[in-house]
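Remarks on the structure that follows.
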Amino acid sequence: MDFTPSETQEMIRDTARQFAGRVLEPLAVSLDREHSFPRASLAEAAELGLLGINVPADYGGVEAGAVAYSLAVTELARACAATTVAICVSNMVAEVICAFGNEDQRVEHVNKLCSGEYVVGGFALSESGAGSDPGGMTTRARKTDKGWVIDGSKLWITSGTDAGLFVVWARTSDAPGARGVSCFLVPGDAPGLTAGKPEDKLGQRGSPTTALEFEGVEVGDEALLGELERGFPIAMMALDGGRIGIASLALGVGLAASEFANRYAIERKQFGRAIANFQAIQWMMADSRTELEAARLLVLRAAWLKEQGKGFTREASMAKLWSSERAFWACNRALQMLGGYGYTQDFPIERYLRDVRVTMIYEGTSEIQRIVIGRDVVRQFSA
Ligand code: CAA
Ligand code: FAD
């Protein structure tokens, strides 16, 4: 077992780290306060190859693999989770088109996602009545002579205001639940497609999350991604990989919070000594360090399995479940270590805590991750 990153992995990680420090970190506070979309940062991310990290070079990616992707996302999220989630979703969209698209679709769309021509990609699965249960979706695509007409609405779509391309799931037959769902590629400027007002969220406020309304949106036959009525497994496979990204993101926020608090505890004096000398504070440091190291190992193992072409569904869910929950606790402990100062906007901890919370909800709640893991355990013990 070798825990040493390869030269490529180090290079991607360092590129992300430098970009995060130079570009994302200085903007993170204003993005959060002004709810602005980080368009210029995303354009620079594209130039550095960060919108196609695990995408073949033939389609404009840097082909660095899933482990490099995870390492990069963790570095980016240390600085700004809001920009990072847009980057994660865009990478996920590029990867799903590479995996399920035909050659024309890859050439047409993946290059534009990686180069930033599409700004970013969006992933439109959830609806108001179908979040944890996307099989309950009601958005429909009707066949016509020229292609398809999509009607319905999606909710909670990351980068809904700005994405140049959406992967959209819609029912194409009356088959119930997960069956009868197909997947389409829809340009962000398609006539009949409108984005709602960004939700006013607790955290990740520089990442606009919107509804999407589809009113008679026409797309050609070439918009169908993968096989007709096999769209649901495509969503699930994309989310398996996406969950590694969100687990990596949560880890980055947790590390940023706990490292900030550790440095603070060395400086801050009470009762005539640095608070880091108190055992109560050291235990908080010890718990966060241990739990985040465990998260790092789970995340990297899931990424490694993906890179090796092995099954990784359960491992990705375990990584996401553990990393998001323990990163939340690392942020919460960090706030406690700063006392009243941690509760103010003078320090970044309150933002980390707000930003990390949603990682236990999106790309499948913690309860859904437990369902995925639990089903797999039952399958294993029933075999
Ligand atoms: N890989 C491949 N295929 C899979 C799969 C996987 N991981 N998981 C399920 N499938 C297939 C099944 O084999 C089945 O295929 P068949 O029709 O051939 O039998 C089909 O998909 C339906 O599977 P299930 O019966 O297991 O489906 P279900 O309705 O019970 O749902 C679930 C399972 C795990 C709960 C799923 O609904 C789920 O993951 N829910 C959470 C949704 C989610 O994560 N949404 C995230 C939206 S994107 C986002 O959030 C982005 C962001 O924030 C930034
Ligand atoms: P519900 O499904 O209504 O869940 C409510 C509660 O019930 C949760 O605690 C849940 O765990 C629990 N629950 C539900 N079913 C079960 C069960 N069977 N067993 C036990 N407990 C259960 N979606 C996209 O498609 N694309 C995006 O880009 C995107 N970005 C997002 C960004 C943000 C900021 C947010 C908040 C959400 C985003 N989502 C996106 C949607 C996200 O994936 C859903 O919010 C999530 O899947 C949960 O769905 P829900 O909000 O409808 O909650």
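One-based numbering, in listed order, for ligands and for the atoms of each.
Between the side chain of Gln204 and the backbone N or O of Val85 there is no donor-acceptor pair closer than 3.5 Å.
At a heavy-atom cutoff of 4.0 Å, ligand 1 is surrounded by Val85, Val89, Phe123, Ser126, Gly131, Ser132, Pro134, Thr158, Ala178, Arg230, Phe232, Pro233, Met236, Met237, Leu239, Asp240, Arg243, Thr313, Tyr362, Glu363, Gly364, Ile368, Val372, Arg375.
A salt bridge links Glu95 and Lys306; the closest N-O separation between the charged side-chain nitrogens and carboxylate oxygens is under 4.0 Å. In summary, Asp240 and Lys320 do not engage in a salt bridge, as defined by a charged side-chain N under 4.0 Å from a carboxylate O.
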I'd like to know whether Glu229 forms a side chain to side chain donor-acceptor pair (under 3.5 Å) with Thr172, so could you lay out the CA-CA distance, the side-chain angles of the two residues, the decisive distance to 0.1 Å, and finally the verdict. CA-CA 7 Å; Glu229 270 146 52; Thr172 44; 3.0 Å; yes

Decide side chain to side chain donor-acceptor pair (under 3.5 Å) for Ser132 and Glu367; before the verdict, give the C-alpha distance in whole Å, the side-chain angles of both, and the deciding distance to 0.1 Å. CA-CA 9 Å; Ser132 296; Glu367 293 71 32; over 6 Å; no

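Residues that satisfy the ring-ring contact (aromatic ring centres under 6.0 Å, His included) test with Trp156, not counting sequence neighbours, are absent from this structure.
Classified by interplanar angle (parallel below 30°, tilted 30° to 60°, perpendicular above 60°), the ring pair Trp169/Phe123 is tilted.
A ring-ring contact (aromatic ring centres under 6.0 Å, His included) check over residues 319-342, counting only residues at least two apart or in different chains, returns nothing.
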Could you pull out every N or O of ligand 2 that sits under 3.5 Å from a protein N or O, with the distance for each pair?
{"from": "ligand 2", "atom 1": "2 (O)", "to": "Ser132", "atom 2": "N", "distance (Å)": "2.9"}
{"from": "ligand 2", "atom 1": "2 (O)", "to": "Ser132", "atom 2": "OG", "distance (Å)": "2.6"}
{"from": "ligand 2", "atom 1": "9 (O)", "to": "Glu367", "atom 2": "OE1", "distance (Å)": "3.4"}
{"from": "ligand 2", "atom 1": "11 (O)", "to": "Thr365", "atom 2": "OG1", "distance (Å)": "2.7"}
{"from": "ligand 2", "atom 1": "11 (O)", "to": "Glu367", "atom 2": "OE1", "distance (Å)": "2.6"}
{"from": "ligand 2", "atom 1": "23 (N)", "to": "Ser126", "atom 2": "OG", "distance (Å)": "2.7"}
{"from": "ligand 2", "atom 1": "25 (O)", "to": "Phe123", "atom 2": "O", "distance (Å)": "3.4"}
{"from": "ligand 2", "atom 1": "25 (O)", "to": "Leu125", "atom 2": "N", "distance (Å)": "3.0"}
{"from": "ligand 2", "atom 1": "25 (O)", "to": "Ser126", "atom 2": "N", "distance (Å)": "2.8"}
{"from": "ligand 2", "atom 1": "25 (O)", "to": "Ser126", "atom 2": "OG", "distance (Å)": "3.1"}
{"from": "ligand 2", "atom 1": "26 (N)", "to": "Phe123", "atom 2": "O", "distance (Å)": "2.7"}
{"from": "ligand 2", "atom 1": "28 (O)", "to": "Thr158", "atom 2": "N", "distance (Å)": "2.9"}
{"from": "ligand 2", "atom 1": "28 (O)", "to": "Thr158", "atom 2": "OG1", "distance (Å)": "3.2"}
{"from": "ligand 2", "atom 1": "30 (N)", "to": "Trp156", "atom 2": "O", "distance (Å)": "2.7"}
{"from": "ligand 2", "atom 1": "30 (N)", "to": "Thr158", "atom 2": "OG1", "distance (Å)": "2.8"}
{"from": "ligand 2", "atom 1": "39 (N)", "to": "Trp156", "atom 2": "O", "distance (Å)": "3.4"}
{"from": "ligand 2", "atom 1": "49 (O)", "to": "Ser132", "atom 2": "N", "distance (Å)": "3.4"}

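With Asp174 as reference, Arg140 is the one residue of Arg140, Arg179, Arg142 to meet the salt bridge (charged side-chain N to carboxylate O under 4.0 Å, His left out) rule.
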